[in-house]
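Here is how names work: the chains are called A, B, and so on, in the same order as the sequence lines, proteins then strands, and each is numbered from 1.
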Number of protein chains: 2
Amino acid sequence: MDVKIARTAGFCWGVRRTVDKVMEVAGQADGPVVTLGPIIHNPQAVARFRDKGVGTVNAVGEVADGTTVVVRTHGAIRDELERAKARGLEVVDGTCPYVKYPQAIAQRLSEEGYHVVIVGDANHAEIKGVVSYSKGPCTVVKPGGEIPEIKARKVAVIAQTTCIGAEFERVVGALALRHREVRAVNTICNDTDERQADARALAREVDAVVVVGGKSSANTRHLAEICREIQPRTWHVETEAELDRAWFAGCKVVGLSAGASTPDWVVEGVAAWLRALP
Amino acid sequence: MDVKIARTAGFCWGVRRTVDKVMEVAGQADGPVVTLGPIIHNPQAVARFRDKGVGTVNAVGEVADGTTVVVRTHGAIRDELERAKARGLEVVDGTCPYVKYPQAIAQRLSEEGYHVVIVGDANHAEIKGVVSYSKGPCTVVKPGGEIPEIKARKVAVIAQTTCIGAEFERVVGALALRHREVRAVNTICNDTDERQADARALAREVDAVVVVGGKSSANTRHLAEICREIQPRTWHVETEAELDRAWFAGCKVVGLSAGASTPDWVVEGVAAWLRALP
């Protein structure tokens with residue numbers, strides 16, 4: 001089988017930066033090292049970290065004194081971070097700078113009196129973190145979801161870094177009609193834009209698409225949605241173990257895209273499996 | 001014929017305010033009184049003013065010393081206003097406060113480094129005035145038109161006070177994806193919103209619609225567009241003289257809407273003509 005891999009498949013700059021940082025800390029720290037939540041949304045990568053002695057906790061309350069606490073790429077909830085600092089724990093901030101940006105905007109514009117609206121998934125770690133930086137009322141609008149009525153004259157709109165562009169466009173446009181002032185800061189990261197454009201182009205050229213990445217990875221799921229709209233034969237898998245030969249019956253070329261948190265070796269595993277198809 | 005008149009047909013608050021002001025000035029001024037451009041976009045109303053001795057000029061350069069210059073509801077170009085003041089002419093500012101608002105926003109946000117985008121008609125007096133208040137680059141996007149590429153990190157978006165809401169929504173949404181920050185101030189006046197909603201509701205209930213108002217009145221033209229989308233039998237006329245009995249063949253109820261610059265007596269003339277139909 002001919003396999004076309006998207007140019008942008010695999011770790012983005014921010015994930016690579018955080019992963020490298022954690023590897024470095026794991027090799028140097030005296031005490032235990034834990035990440036606050038899974039360091040990235042990729043079970044295979046997280047398993048590798050576990051093998052290197054880097055555990056995962058859900059809250060600062062779970063760790064012993066002397067532990068090094070690593071903030072994952074998605075950032076942390078402000079209170080948790082302050083709790084860690086108050087306890088004198090070593091904190092290594094692995095927050096992606098592209099995630100720090102919406103956190104800072106949420107804080108600044110809420111301080112300036114804007115009601116903050118975030119286009120994203122309220123249950124996602126990144127959004128929980130961004131919400132925690134807002135100093136005033138804050139509403140999360142789910143992509144594709146209804147926009148609730150907000151009682152505010154001034155509204156600031158930001159997006160999850162992995163948001164699909166058209167959704168940000170929809171929400172900003174609708175709010176511009178409802179409120180006196182809408183201040184929209186496009187916090188979708190460049191990597192997301194490029195990766196989505198790449199996936200779109202790839203889906204048009206192939207007979208089937210495999211998107212590789214964690215099932216709880218928002219950016220990977222969005223890639224699969226985007227590809228599926230163009231090429232209905234799109235599959236989202238975490239590893240080659242999930243693949244089924246029957247999916248590719250009659251295909252000549254399969255496209256391969258991968259999320260920002262998918263390690264290269266996982267992408268390679270899937271590519272090898274596909275190339276071995278007749 | 002049964003005639004249903006839209007609740008909001010006729011002069012808006014801003015037009016009534018300016019018209020009253022000009023009538024007052026016309027009765028008190030010692031020298032000649034002129035308006036900079038037609039006071040409102042209604043030829044019938046302008047003719048009445050001419051009868052009261054209030055002329056119309058296109059530029060301050062055309063008037064003699066001692067003339068009282070009235071700024072029309074749509075506002076004036078900043079330089080013209082300054083020329084009038086520099087010459088020591090008496091200036092009566094009839095600019096609608098709802099038009100002063102986008103003028104002030106264009107000035108303030110351009111001073112703050114925003115590239116100003118106005119959704120409206122570049123040839124309309126209101127927009128020429130608003131553009132003149134911007135202290136930096138400024139782009140006018142025509143409703144329904146293509147959005148040109150703008151090289152700017154921060155963009156401020158405002159609308160002609162009579163803009164159709166969906167157009168403002170479209171432009172703000174699209175720009176939010178292209179630029180780092182989009183600051184949209186909804187300068188569509190409440191009257192426009194209400195009048196358009198009223199016209200929409202009326203068009204759904206009747207067999208034909210007559211929209212009364214100046215052919216160069218932007219808000220009247222928009223009302224006709226809105227009604228025509230719902231009721232194809234929609235006619236835009238300035239007075240009953242243009243009406244044709246054949247247009248209403250088979251109709252039981254005709255709806256009547258009118259622009260913000262259409263005098264009540266003109267609306268009444270049309271209504272009377274329609275009521276007289278069998």
Side-chain angles (χ1 to χ4, degrees), chain A residues 97-98 101-102 104-106 108-109 112-120 141 143-144 147 150 152-190 192-194 196-197 200 222 226, chain B residues 97-98 101-102 104-106 108-109 112-120 141 143-144 147 150 152-190 192-194 196-197 200 222 226:
Chain A
Y98 293 129
Y101 184 53
I105 298 289
R108 180 161 66 81
L109 294 185
E112 288 182 23
Y114 289 87
H115 182 117
V116 174
V117 172
I118 308 167
V119 187
V141 177
I147 306 167
I150 295 165
R153 201 170 172 281
K154 288 163 51 173
V155 169
V157 197
I158 53 181
Q160 191 162 349
T161 52
T162 51
C163 182
I164 291 178
E167 270 305 303
F168 186 59
E169 180 177 359
R170 177 182 74 95
V171 175
V172 172
L175 291 173
L177 272 188
R178 295 193 196 169
H179 301 276
R180 174 54 77 193
E181 183 189 331
V182 168
R183 196 157 169 184
V185 181
N186 185 349
T187 55
I188 300 174
C189 81
N190 281 343
T192 300
D193 273 347
E194 286 180 19
Q196 291 180 355
R200 222 171 256 122
H222 289 158
I226 286 168
Chain B
Y98 292 130
Y101 184 52
I105 298 287
R108 180 160 66 81
L109 295 185
E112 289 183 23
Y114 290 86
H115 182 116
V116 174
V117 172
I118 308 167
V119 187
V141 176
I147 306 166
I150 295 165
R153 201 170 172 280
K154 289 163 51 174
V155 169
V157 197
I158 54 182
Q160 191 162 348
T161 52
T162 52
C163 182
I164 291 178
E167 271 305 303
F168 186 59
E169 181 177 357
R170 176 181 75 95
V171 175
V172 172
L175 291 174
L177 271 189
R178 295 193 195 168
H179 301 275
R180 174 55 77 193
E181 183 188 329
V182 167
R183 197 157 169 184
V185 181
N186 185 349
T187 54
I188 300 173
C189 83
N190 280 343
T192 301
D193 272 347
E194 284 179 21
Q196 291 180 355
R200 220 170 258 126
H222 289 158
I226 286 168

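Arg183(A) places no side-chain N or O within donor-acceptor distance of the main-chain N or O of Ala184(B), the cut-off being under 3.5 Å. Distance alone, capped at 3.5 Å, places no donor-acceptor pair between the Asn186(A) side chain and the Arg180(B) backbone.
At a 4.5 Å heavy-atom cutoff, Ala156(A) makes no contact with chain B through either its backbone or its side chain.
Interface summary for chain A: among Arg178(B), Lys154(B), His179(B), Glu181(B), the most heavy-atom pairs under 4.5 angstrom belong to Glu181(B).
Glu169(B) CD to Leu177(A) CG: the interatomic distance, rounded to the nearest 0.5 Å, is 5.0 Å.
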